[in-house]
Amino acid sequence: MADGFELFSDRNVVAMRVNGELKDLAATVTDGDAVEPVIIDSPDGLDILRHSAAHVLAQAVQNINPETKLGIGPPIKDGFYYDFDPEEAFTPEDLKALTKEMQRIIKQGQRFVRRVVTEEEARAELASEPYKLELIGLKGSNPGDDNESVEVGGAELTIYDNVDPKTGEVCWKDLCRGPHLPNTRLIGNGWALMRTAAAYWRGSEKNPQLQRVYGTAWPTKEELRDYQTRLEEALKRDHRKLGVELDLFSFPDEIGSGLAVFHPKGGIIRHEMENYLREQLLKADYELVNTPHITKGQLFETSQHLNWYKDGMFPAMHLDEVKDDAGKVIKPGQDYYLKPMNCPFHNLIYRARARSYRELPLRLAEFGTVYRYEKSGTLAGLTRVRGLTQDDAHIYVTDEQVSDEIKRQLEFVFETLRGYGLSDFYLELSTRDPEKFVGSVEQWETAEAMLQKIGEESGLDLVADPGGAAFYGPKISVQARDAIGRTWQLSTVQLDFNQPELFELEYAAADGTRKRPVMIHRALLGSIERFFAILLEHYAGAFPVWLAPQQVVGIPVAEEYGEYLDGVIAQLRERGVRAEVDHSFDRMPKKIRTHTKAKVPFQLIAGEDDRSAGAVSFRFRDGSQLNGVPVAEAIERIVNAIKSHEQVNTAWQD
């Protein structure tokens with residue numbers, strides 16, 4: 001028998017996996033155990049580092065204000081948080097004091113020591129912590145989410161003591177599943193407290209509102225600085241900020257939260273995005289359909305959305321009720337709903353007439369606007385809205401066609417996304433939630449195995465998302481990385497075992513029998529609004545020429561050259577280019593600054609030499625220039641850049 005400290009001498013090993021289970025290095029292992037080291041910069045190691053930092057944060061809070069009550073403190077992507085119930089809300093000055101106290105605790109090198117306790121012992125030790133007592137009460141039931149499982153998950157209740165390495169005194173303790181770093185000193189100096197926010201206990205508005213402190217933690221100071229640099233770059237690219245600066249869209253109070261209006265420049269970008277996708281759809285043998293924004297509730301009863309998704313729908317509108325002069329109802333009304341999904345409508349189109357196997361695959365596509373009642377606290381610019389337009393498609397196939405069609409759809413997704421300038425992808429496979437699914441287990445297992453095989457054959461990384469599928473079928477998601485390395489879920493290809501049965505969809509098979517089609521849901525961009533935001537941040541507002549709202553602006557060196565540029569711009573406009581001459585009374589340097597700030601791809605400048613030579617000078621977004629370009633050549637360069645979806649920020653090299 002030995003512990004992890006005896007097995008591993010590498011300082012970067014911060015925990016171990018014993019027979020598949022994460023354990024502290026202090027845990028004892030036997031000769032028959034399968035033991036693997038956990039390195040600090042591995043995904044598990046980062047979670048342990050960040051969870052340990054969250055504990056130190058909580059200890060610092062209670063050292064400064066012992067009356068503060070503790071919530072939970074899990075690791076999250078790129079960091080951690082801890083929820084507190086303090087007497088007063090945290091201030092920026094509080095974060096400075098907490099940082100200083102955390103530094104003291106980290107430097108002290110307190111040991112994280114695990115203890116198994118009974119429920120009675122845990123309740124006695126944590127009697128002054130009402131939120132911890134509530135979590136203890138969840139033991140043996142199903143905690144609300146993974147974050148709560150950090151506290152009470154596993155087969156037993158455990159408390160972690162933070163122990164002074166010199167005196168052996170317990171400095172602080174917390175209910176926790178673990179594991180943790182061997183000691184606080186290993187947290188190092190690659191961490192920082194980031195911000196505070198309000199958060200409801202266990203995510204419910206019915207519960208008390210707590211104070212959440214967010215932090216980040218990395219194995220080294222350098223990695224922390226890299227992360228902070230990425231955050232700064234992301235802030236510069238924030239689509240909400242750029243949307244205002246570039247006059248693209250807004251959210252007027254008069255309309256309501258989460259409901260965007262697109263201004264002329266944003267409208268042009270959106271138009272080009274949709275047009276390109278529409279062209280791709282038609283080339284890929286899709287048929288375009290259109291459906292209304294509102295429907296009788298019976299449709300969503302049939303589709304089961306009123307059972308599974310009602311909380312995400314806007315309330316019903318009760319319409320069509322007729323009363324006589326005495327106020328008596330002589331014709332009952334009906335509930336109408338704004339649609340949250342397009343798929344039930346497409347099922348009705350499929351069912352509108354008899355279908356034959358010869359028509360399959362049948363690919364129906366729509367830019368369908370849907371409405372979802374997102375809570376106000378979850379709204380986030382264009383990435384989380386209440387009114388959104390999905391580039392929705394539903395494909396009806398025979399059992400034999402499923403595999404080939406999914407492969408075809410993935411290739412279609414990759415090709416189309418590359419046209420928008422995104423090319424760094426990986427895949428995610430979402431499988432059955434054992435507590436929430438329709439259809440047989442065998443049906444799910446067959447479909448999941450097929451998607452797994454297709455994903456692996458794509459040559460891209462395939463990441464598992466256990467239990468992440470919707471109730472009606474497994475899916476493959478395309479995850480795309482943007483210009484600064486952030487990951488966005490974009491396209492999904494999802495099987496549906498539910499709706500063909502609910503809507504009694506059929507086709508005449510080759511043998512004359514009636515069979516159910518398989519339904520594939522395919523969303524390529526997700527929603528136009530969200531994809532608009534992703535592209536805006538990916539390009540930092542400097543769109544490729546084909547998407548830029550204004551593609552060319554002519555800038556005369558002096559007023560007398562305006563007429564010459566009018567002729568050049570007229571030729572461009574005849575070729576469909578969005579171009580104009582700046583005839584304002586501003587001086588030329590100010591015009592250049594104005595249009596550079598607006599991120600116009602091409603500024604065409606003309607003075608005497610250009611006019612005499614029948615040429616123009618290109619000025620690019622980075623300030624570089626290409627002088628004396630003949631007008632005909634300049635026009636072809638611009639038109640070709642648009643056709644090829646080229647990103648142009650600097651002078652071209654011949």
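For Trp444 and Phe497, the distance between ring centers is under 6.0 angstrom. Ring-centre distance between Phe531 and Tyr420: below the 6.0 Å cut-off. Between Phe471 and Phe437, the distance separating the two ring centers is not shorter than 6.0 angstrom. Checked against the 6.0 Å centroid criterion, the rings of Tyr350 and His394 do not qualify as a close aromatic pair. Ring pair Tyr286/Phe412: centre-to-centre distance below 6.0 Å. Phe425 has its ring centre less than 6.0 Å from the ring centre of Phe414. For Tyr160 and His180, the distance between ring centers is under 6.0 angstrom.
Taking the six-membered ring for Trp and thresholds of 30 and 60 degrees, Tyr82 and Phe84 have nearly parallel ring planes, at less than 30 degrees apart.
Heavy-atom contacts from other residues, nucleotides or ligands closer than 6.0 Å to OH of Tyr373 number 12 or fewer. No more than 12 heavy atoms of other residues, nucleotides or ligands lie within 6.0 Å of CD in Glu415, so this atom counts as exposed by the packing criterion.
Counting only N and O atoms by type, the side chains of Gln494 and Thr492 include no donor and acceptor under 3.5 Å apart. Under the 3.5 Å distance criterion, with hydrogens and angles disregarded, a donor-acceptor pair is assigned to the side chains of Asn307 and Gln304. Remark: the Thr389 side chain and the Thr369 side chain contain an N/O donor-acceptor pair separated by less than 3.5 Å. When only modelled atom types and interatomic distance are considered, Tyr131 and Asp83 share no side-chain donor-acceptor pair under 3.5 Å. In summary, the side chains of Glu134 and Trp201 do present a donor paired with an acceptor at a separation below 3.5 Å, with no hydrogens or angles considered.
Not one N or O on the side chain of Asp24 forms a donor-acceptor pair closer than 3.5 Å with the backbone of Ala27. The main-chain N or O of Ala34 is found under 3.5 Å from a side-chain atom of Asn19 such that the two form a donor-acceptor pair. Judged by distance alone, the side chain of Ser52 and the main-chain N or O of Leu181 form a donor-acceptor pair under 3.5 Å.
Of the residues listed (Ser42, Pro75, Pro74), the one engaging Asp47 in a side-chain contact (heavy atoms from CB on, under 4.5 Å) is Pro75, and it is the only one.
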key: Evaluation steps, side-chain contact (heavy atoms from CB on, under 4.5 Å), between Leu495 and Tyr472   = CA-CA 7 Å; Leu495 294 177; Tyr472 49 80; over 6 Å; no

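For the side-chain contact (heavy atoms from CB on, under 4.5 Å) test, residues two or more places apart in sequence or in another chain that qualify with Ser376 are Arg386.
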